[in-house]
Amino acid sequence: APLAANIVHRHRSPGSAIGLLAFGMLLFVVYEILVDLPTALSVDPGVVITPDIAFGLRFFAFLLVVVGAMLGLSAVRDRR
């Protein structure tokens with residue numbers, strides 16, 4: 001006997017993309033607080049951040065924001 005296939009129509013949720021974007025923004029804010037703000041205010045931050053760690057914070061913040069935005073926009077586009 002032939003089986004009937006159930007067709008399920010699902011939309012992607014932008015929730016995971018929002019999480020990636022928020023985590024990227026959080027990394028950027030941490031970078032600003034630990035690296036740029038003490039330099040601009042001529043204050044000793046109390047925490048030594050090497051240039052490699054500073055670059056990593058900035059790079060991964062940018063990467064997560066870009067990927068989160070692309071996934072979120074793609075999910076919103078597919079909701080129509």
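Hydrogens, waters and symmetry mates play no part in the numbers below; they use all other heavy atoms, side chains included.
Hydrophobic cluster membership of Ile33, counting Ile, Leu, Val, Met, Phe, Trp and Tyr whose side-chain heavy atoms lie under 4.5 Å apart directly or via other members: Val29. Grouped with Ile18 in a hydrophobic cluster is no other residue, since no side-chain heavy-atom contact under 4.5 Å to another Ile, Leu, Val, Met, Phe, Trp or Tyr is found. Through side-chain heavy atoms spaced under 4.5 Å, either directly or across other Ile, Leu, Val, Met, Phe, Trp or Tyr residues, Val43 is tied to Leu37, Leu41. Clustering of Ile, Leu, Val, Met, Phe, Trp and Tyr by side-chain heavy atoms under 4.5 Å joins Leu21 with Met25, Val65.
Of all the heavy atoms in Leu20 and Gly68, the pair that sits closest is CB-CA, 4.0 Å.
Qualifying side-chain contact (heavy atoms from CB on, under 4.5 Å) partners for Ile49, counting only residues two or more places apart in sequence or in other chains: Leu34, Val35, Val47, Ile53, Ala54. Remark: Phe62 pairs with Val66 by the side-chain contact (heavy atoms from CB on, under 4.5 Å) rule, at least two apart or across chains. In this structure, the side-chain contact (heavy atoms from CB on, under 4.5 Å) partners of Ala17, at least two apart in sequence or on a different chain, are Leu71.
Sequence neighbours left out, the pairs with a member in residues 44-67 that pass side chain to side chain donor-acceptor pair (under 3.5 Å) are Tyr31-Arg58.
The line from CZ of Phe28 to CZ of Phe23 is 15.0 Å long, rounded to the nearest 0.5 Å.
Hydrophobic clustering (ILVMFWY, side-chain heavy atoms < 4.5 Å, transitive): Leu73 and Val76 are in distinct clusters.
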